[in-house]
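Below, chains carry the letters A, B, ... as their sequence lines are ordered, and counting in each starts from 1.
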Amino acid sequence: MTQPAIQVKNLSKSYGLTLALRDVSFEVRRGEIVGFLGPNGAGKTTTMRILVGYLPPTSGTAIVDGYDVLKDSLEVRRRIGYLPENISLYNDMTVEAFLEFMATIRGVARKRVRERVRAVMAQTRLDHMARVLIGKLSRGYRQRVGLAQALVHDPPILILDEPTVGLDPRQIIETRQLIKSLAGDHTVILSSHILPEVSMTCQRVLVIHQGQIVAEDAPENLAARLRGSERIRVEVRGPADQVRRALEAIPGVLAVIPEARDGVASFAIDCAVGTDLREQVAEAVVRGGWGLRELRPVGMSLEEIFLKLTTEEPDGNTGNPGDNREGA
Amino acid sequence: MGIRAILAITAKELNSYFASFIAYAVVAGFLFVTGAFFSLSVLLSRQVNLRFTLTDVAIILLFVSPAITMRLLSEEQASGTLELLVTSPIREAEIVLGKFLAALVFLVIMLAATAYYPLLLISYSQPDPGPIAAAYLGLFLQGAAFISLGLFISALTRNQVVAYIFTFGLLLIIWLFEAISGIFGGQVGSILSSLAFYNHFVDFPKGVVDTKDVVFYISVVVFGLVLAERVLESRRWR
Ligand SMILES: Nc1ncnc2c1ncn2[C@@H]1O[C@H](COP(=O)(O)OP(=O)(O)O)[C@@H](O)[C@H]1O
Ligand SMILES: [Mg+2]
C-alpha cells in the first residue's frame, strides 16, 4: 500500500467560459493532512467537488485510493467523508435521525449504525443535541453536524471544505484538535482562505490561486515565502551575462531571474519586501553603458495572493503578530 | 441495488412529508373535494353507484399528484442537500426509487382515506364491490404513473412551483390526448389516443381490469423513473 491516497494529474475544469482549474497536479500521501490555501474563487471547492465525484473534470485525472473518480465513482465515494462548504442539511430531521440516515446510505452495517452515530456525536460534542431538529441549530452546531456526517462511516479519506467557517473561537480550537487527532489513520484535505488556519492544522500546504497551484510548502516556510519578496522587471539592451552580474551586485537584490528575449537581456529581479530598488537598478544599467528599455515593478503573484488571504483569526487574534497585512 | 438505502430514503421522505404543513393541506384539500363529490353524487343521483365519482377522483389526482412530487428532487437541488446524496456511495436509481416509494405510500394513504365513502355506502346498501375495487386499482396505477412523471420533472428544475406547473401541464395534456387525437386523425391520432390516460382509466370504474391498461400504466411508471434517473446521473459526466 505505497500508492498515494490521492493522485491528481493535469486536472482542468471549466464552467462554460470560466476556467476554474488549469492543469492542477498534486499528490497526497496516506495519513497526511494537507491544506488547500487560497483566496475566494481560487478553485478549492471545485477541486474538492471533483475528488468526491460531485463534478466531472473537464480534462485530467484524479485517482483516490487507486480508483478513478470518473470510472469508479462508487468505489471512490465509499472511501471518502465529505464536508461541503456551507453545508446544507435536512432541517426537518433531528441530529440523531439525520446521522443514522447518513450512516445507512454511506454503507454502515445495520448493527453498527447506532454505535457509530453515538461515537461521532461524542467526537463532535453533539450528544446533548441528539433529539433537536437540525433547523433549530446555530451555525456552529450545524457545522458540527456536517463534520459528524463526514466521519460517521469512518472513511479513510476526509475532504473538508472550509471546516471552521462560522464557528466561534472555542469551537475552532476544538475542531482543529479533532482534525489533528484524525492524522495517521486518516488522510485529510482541508481548504481555507485563512493562513493561520492551515498553518496550525496541516503538515503541508498547497497554495491555489486562479485555478493553479502556485506554491507548495510546509506551513512553517509558507508565510515567509509568501511575504518574502517583491519583483521588478527590467529589460536592457546589452550583454546578458554582464548585465546580470551588475544587477546581482545591487544591495537588496535577492535573485535575478533571466527571461528569454531576442536581442535584449530581460530579467525579473526579486528584492526584499518593502524596498524599491528601481532607482538603483536604473543607475546600474546606465553605469554599464547599456540601454534601459523597460523598468517596472511587477506585482509578484505570491505577494498578491498573500494580501488576499485572511491573516487574522476570526476572533481578532492576529495569526502573524504585528504583521496584519489584510487590506494593505 | 441496496434495499436498505432505498428504504432509508423512503423513510426520510415520508418523515419530511409529515413534518410539513403543505402535506396536511394537500391531504385535507383532497379529502374535502373528494368528499364533496361523493356526497353530491349520492344526494343528486340517489344512486348507489360510484362509477362517475371515482372517475372524478382520477381528475382530482391530476391536480394533487404534482403537489406530492414537486419537492422530491427540486428542493434538494435548491437547498444543496443533493450534494450529500450524490456524494454518498449509492446509485441514482436508489435515490429515485426511494423517493418514488415515499410518494407512492403518500398516495396510498390518501386513497385509503377516501375509502370511507364507499365503505359508508356498503354499510347502508349493497353496491357491487367489484367495480369499486377495480376503480381503486385504477386510481392507484394512474397515481403511480403521475408520480413517476412528476418525479422526472422534479429532477429537471430546482423550482418547486415550476415543477408543479410543468407536471400538471404534462399530465393534463396526456389525459386529454384522446380529445387532441381528433385534430390530427390518422396514424398520429391513433397513437395519441392509445397513450391517453383517460382511455386507459375509463374501464376500471366499470369493473373491467384489462391487462393492456395495467401494462400501460406500469410502462409509464418505468419510463418516468428511468428518465428521472438519467437526469440525476447526467450531472456526473456533464
Ligand atoms: N457552479 C459554477 N458555475 C460557474 N462558475 C463557477 C461555479 N462554481 C465555481 N465557479 C467559478 O469557479 C471559480 C472557482 O470557484 P471555487 O472552486 O468555488 O473557488 P473557492 O472554493 O476557492 O472559493 C470561481 O471563479 C467561481 O466563480
Ligand atoms: Mg470554496
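At a 4.5 Å heavy-atom cutoff, the contact between A:S73 and chain B is made by side-chain atoms alone. Using a 4.5 Å cut-off between heavy atoms, B:E75 makes no contact with chain A at all. A:L133 does not touch chain B: none of its heavy atoms, backbone or side chain, sits under 4.5 Å away. Using a 4.5 Å cut-off between heavy atoms, A:R79 does not touch chain B at all. Contact annotation for A:L74: both backbone and side-chain heavy atoms come within less than 4.5 Å of a heavy atom of chain B. Both the backbone and the side chain of B:A8 have a heavy atom closer than 4.5 Å to some heavy atom of chain A. Residue A:Q149 touches chain B through its side chain alone, counting heavy-atom pairs closer than 4.5 Å.
Ion pairing between B:E233 and B:R91 fails under the 4.0 Å rule for side-chain N and carboxylate O. The pair A:D168-A:R139 does not meet the salt-bridge criterion, since no charged nitrogen lies less than 4.0 angstrom from a carboxylate oxygen. For B:R235 and B:E92, the salt-bridge test fails: no basic side-chain N is under 4.0 Å from an acidic carboxylate O.
For chain B, the option among A:M93, A:R49, A:R110, A:M102 with the highest count of heavy-atom pairs below 4.5 Å is A:R110. Your options are B:V86, B:L84, B:I9, and the one with the most heavy-atom pairs under 4.5 Å with chain A is B:L84. Top candidate by heavy-atom pairs under 4.5 Å with chain B, chosen from A:R78, A:R106, A:H153, is A:R106.
Geometric assessment of A:K71 against the ring of A:Y67 yields a negative cation-pi assignment under the 6.0 Å and 45° thresholds. For the pair B:R230 and B:F152, the cation-pi criterion (under 6.0 Å, within 45° of the ring axis) is not fulfilled.
Between B:F146 and B:F197, the ring centre distance stays below 6.0 Å.
The side-chain heavy atoms of A:M48 and A:S191, taken from C-beta on, include a pair separated by under 4.5 Å.
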